> 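Take a look at this one; I'll ask things after.
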Amino acid sequence: KKNIIQKNKEFQIVMAKKKVFQNNFFVIYIENNNLGFSRFGISVPKNLGNAVLRNKIKRRLKSIISASFSFKYSVDYVIICRKRLLELDYDEIKDTILNLMKKINSKEI
C-alpha cells in the first residue's frame, strides 16, 4: 500500500514536472521523491469503458508491476492508459509496460 499513489494532489505534483515517456498504449510521468522507495499510480480514463473494465485494467497493471518489475530509484510513476490498450491481451500489456519501464530506468532520471 505504501508504494501506491492514491491522492489526486500527489498525481498532480508528479504530472506538473512534465518528465514524460510514452508509447501508443501508455503515458508515464515520473518525478524523483525523497521517500527512499518508489511509488506508482495508475489512471484509467472513463472513455476506456465502465468501472468494471477500468478496475480490471488497474488490477492487471498493479499485478504486472509488483510481480515483474524491481524499482531501483526513489521515483514516483504516474501511469495513464490510452484507449488503444483495449486492443491488447494480458501478455501484450505485460510486455509493453515492462519495455517502457525498462527504457525509463535506463535513462538518467
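Being a predicted model, the structure only gives us computed values, none of them experimental.
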> Compare every heavy atom of S43 with every heavy atom of P45, then report the nearest pair and how far apart it is.
CD-O, 3.8 Å
> Same cluster or not: V75 versus L35, using hydrophobic residues (I, L, V, M, F, W, Y) connected whenever any side-chain heavy atoms lie under 4.5 Å apart?
no
> Considering only NZ, NE, NH1 and NH2 on the basic side and carboxylate oxygens on the acidic side, decide whether E87 and R84 come within less than 4.0 Å.
yes
> Using side-chain contact (heavy atoms from CB on, under 4.5 Å) as the criterion, point out the one residue from V44, V27, I65 that pairs with I79.
I65
> Distance from L100 atom CG to Q22 atom CD, nearest 0.5 Å?
9.0 Å
> In this structure, would I64 and L53 fall into the same cluster of hydrophobic residues linked by side-chain contacts under 4.5 Å?
yes
> Does K83 NZ have over 12 foreign heavy atoms under 6.0 Å away?
yes
> Would you give the length of the straight line joining atom CG of D91 to atom OG1 of T96, rounded to the nearest 0.5 angstrom?
10.5 Å
> Linking I/L/V/M/F/W/Y whenever their side-chain heavy atoms sit closer than 4.5 Å, directly or via other members, would Y77 and L98 fall into one cluster?
yes
> How far does CG of L88 sit from CD1 of I57, to the nearest 0.5 angstrom?
10.0 Å
> If you take all heavy atoms of I42 and F11, which pair is closest and at what distance?
N-CZ, 3.9 Å
> Going by the salt bridge (charged side-chain N to carboxylate O under 4.0 Å, His left out) test, which pairs reach into residues 41-58, not counting sequence neighbours?
none
> Is there a side-chain contact between F21 and M101, using heavy atoms and a 4.5 Å cut-off?
no
> Any non-hydrogen side-chain atom of Y29 less than 4.5 Å from a side-chain atom of I13?
no
> Between I97 and I28, is there a side-chain heavy-atom distance shorter than 4.5 Å?
yes
> Looking only at atom types and distance, does a side-chain atom of S74 sit under 3.5 Å from a main-chain N or O of N33, one as donor and one as acceptor?
yes
> Measuring from atom CD of E31 to atom CD of E10, what distance do you get when rounded to the nearest 0.5 angstrom?
12.5 Å
> Quick one: CD1 on I5 to CG on D76, what's the gap to the nearest 0.5 Å?
4.0 Å
> Are the side chains of E92 and D95 in touch, meaning some heavy atoms are under 4.5 Å apart?
no
> Do F40 and L61 have side chains that approach each other closer than 4.5 Å (heavy atoms only, starting at C-beta)?
no
> Is the shortest side-chain heavy-atom distance between C81 and F25 below 4.5 Å?
no
> Looking at L86 and L48, what are the two nearest heavy atoms and their distance?
CD1-O, 3.4 Å
> Would you please name every residue forming a salt bridge (charged side-chain N to carboxylate O under 4.0 Å, His left out) with R82, sequence neighbours left out?
none
> Output the distance between atom NZ (K103) and atom CG (N23), rounded to the nearest 0.5 Å.
7.5 Å
> Does some side-chain heavy atom of N32 sit less than 4.5 Å from a side-chain heavy atom of K19?
yes
